[in-house]
Amino acid sequence: MNAMTADNLRSAFGGESQAHMRYLLWGKEAAKEGYPNVANLFAAIAYAEQVHAHGHFRVLKNETGDFLVPAGAGFGIAKTVDHLEWARGGELHEVEQMYPAFLSVAEAQDEKQAIRSMKFAIEAEKTHADLFLAAKQAVEKGKDYEAAATVSVCPICGHTVAGAAEEACPVCGVKAEKYEAFKA
């Protein structure tokens with residue numbers, strides 16, 4: 001596949017993924033405002049955008065089944081242990097490079113809400129990187145990550161823990177009962 005076409009497919013994958021998430025969020029708002037059919041429409045079209053993203057993702061395969069990306073780029077389908085390492089690398093990139101740069105701009109422009117949001121994200125991404133590392137270590141031993149049978153996520157800042165939430169979020173202070181619990 002031509003490199004430019006591959007780049008365009010990766011870009012399209014990102015755009016479709018973002019549309020998927022926007023529509024899910026907008027659907028929740030429609031439901032809150034009392035428009036269940038509009039919420040349903042957003043959910044259905046969010047699914048369609050997911051289908052598009054998956055299609056672009058699949059097309060990036062070459063004839064041997066490998067994805068046309070540089071080694072270690074973290075895009076494609078490999079083994080779970082690789083996905084965990086790529087996910088961890090992405091989280092660390094956000095913590096060490098992306099958000100600090102974005103935060104510097106927000107601070108220079110005195111954008112208090114953006115500063116708060118980015119600081120929350122940095123702290124949450126640190127927990128995500130740690131969780132991916134623990135999961136990778138379990139998978140490397142041929143085991144599932146048992147601690148993730150329940151994963152709790154703060155709805156305010158995204159702080160994430162394996163197991164039940166603590167008394168209060170260490171990042172933003174929200175009470176444990178507000179956490180969203182995801183069970184395997």
Side-chain angles (χ1 to χ4, degrees), residues 3-35 38-39 41-43 45-50 52-53 56-57 60 69-70 72-76 83-136 151-162 165-182:
M4 182 180 278
T5 297
D7 286 345
N8 289 344
L9 281 167
R10 282 189 286 276
S11 180
F13 172 82
E16 296 291 354
S17 298
Q18 289 177 19
H20 167 77
M21 291 307 301
R22 271 194 311 273
Y23 295 166
L24 290 177
L25 294 168
W26 293 345
K28 284 184 180 185
E29 289 302 312
K32 282 183 199 174
E33 292 178 22
Y35 303 109
V38 173
L41 176 66
F42 273 124
I45 295 175
Y47 174 74
E49 301 299 351
Q50 181 181 352
H52 299 158
H56 299 327
F57 198 80
L60 285 166
V69 294
F75 194 99
H83 296 160
L84 288 165
E85 183 58 30
W86 296 345
R88 181 173 174 266
E91 300 296 319
L92 292 174
H93 167 76
E94 291 173 350
V95 168
E96 297 166 359
Q97 296 180 35
M98 185 184 86
Y99 279 121
F102 291 176
L103 186 57
S104 292
V105 173
E107 288 170 341
Q109 297 175 342
D110 198 31
E111 296 285 352
K112 291 179 181 15
Q113 289 181 336
I115 292 167
R116 179 179 182 255
S117 181
M118 289 178 199
K119 285 183 176 180
F120 281 177
I122 288 170
E123 294 307 312
E125 304 300 5
K126 289 176 187 176
T127 66
H128 301 166
D130 291 344
L131 290 167
F132 285 135
L133 177 60
K136 179 183 175 215
V151 178
S152 302
V153 180
C154 175
I156 304 301
C157 70
H159 175 260
T160 307
V161 295
E166 301 168 10
E167 220 173 273
C169 177
V171 177
C172 70
V174 75
K175 294 186 189 277
E177 59 266 14
K178 298 283 185 181
Y179 272 63
E180 291 286 331
F182 294 81

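In this text the structure is predicted, and so the values were computed from the model without any measurement.
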Do you know the tightest heavy-atom contact between [X] and [Y]?
X      : Y      : answer
His128 : Gly158 : NE2-O, 3.2 Å
Val95  : Pro100 : O-CG, 3.1 Å
Gln50  : His20  : OE1-CE1, 3.4 Å
Glu125 : Tyr99  : OE2-CE1, 4.0 Å
Val174 : Cys154 : CG1-SG, 3.1 Å
Tyr23  : Phe42  : O-CB, 3.3 Å

Please report the interatomic distance [atom1]([X]) to [atom2]([Y]), rounded to the nearest 0.5 Å.
X      : Y      : atom1 : atom2 : value
Met98  : Leu92  : CE    : CG    : 12.5 Å
Trp86  : Glu91  : CH2   : CD    : 15.5 Å
His52  : Ser17  : NE2   : OG    : 12.0 Å
Cys172 : Glu123 : SG    : CD    : 11.5 Å
Tyr35  : Leu41  : OH    : CG    : 14.5 Å
Ile122 : Glu96  : CD1   : CD    : 11.0 Å

Discussion item. I'd like to check Ile156 versus Lys178 (side-chain heavy atoms, cut-off strictly below 4.5 Å). Are they in contact?
Written reply: no
Discussion item. Looking at Glu167, I want to see if its CD is surrounded by more than 12 non-hydrogen atoms of other residues, nucleotides or ligands under 6.0 Å.
Written reply: no
Worksheet item: Is Arg22 atom CZ crowded by more than 12 heavy atoms from other residues, nucleotides or ligands, each under 6.0 Å away?
Response: yes
Item to complete: Keeping the roles fixed (side chain from Ser117, backbone from Gln113), state whether a donor-acceptor pair exists under 3.5 Å.
Response: no
Discussion item. Ring-plane angle category for Tyr179 and His159, please: parallel below 30°, perpendicular beyond 60°, tilted otherwise.
Written reply: perpendicular
Worksheet item: Stepwise, does the side-chain contact (heavy atoms from CB on, under 4.5 Å) test hold for Glu107 with Val105?
Response: CA-CA 5 Å; Glu107 288 170 341; Val105 173; over 6 Å; no
Fill in: Charged N-O contact under 4.0 Å between Arg88 and Glu85
yes
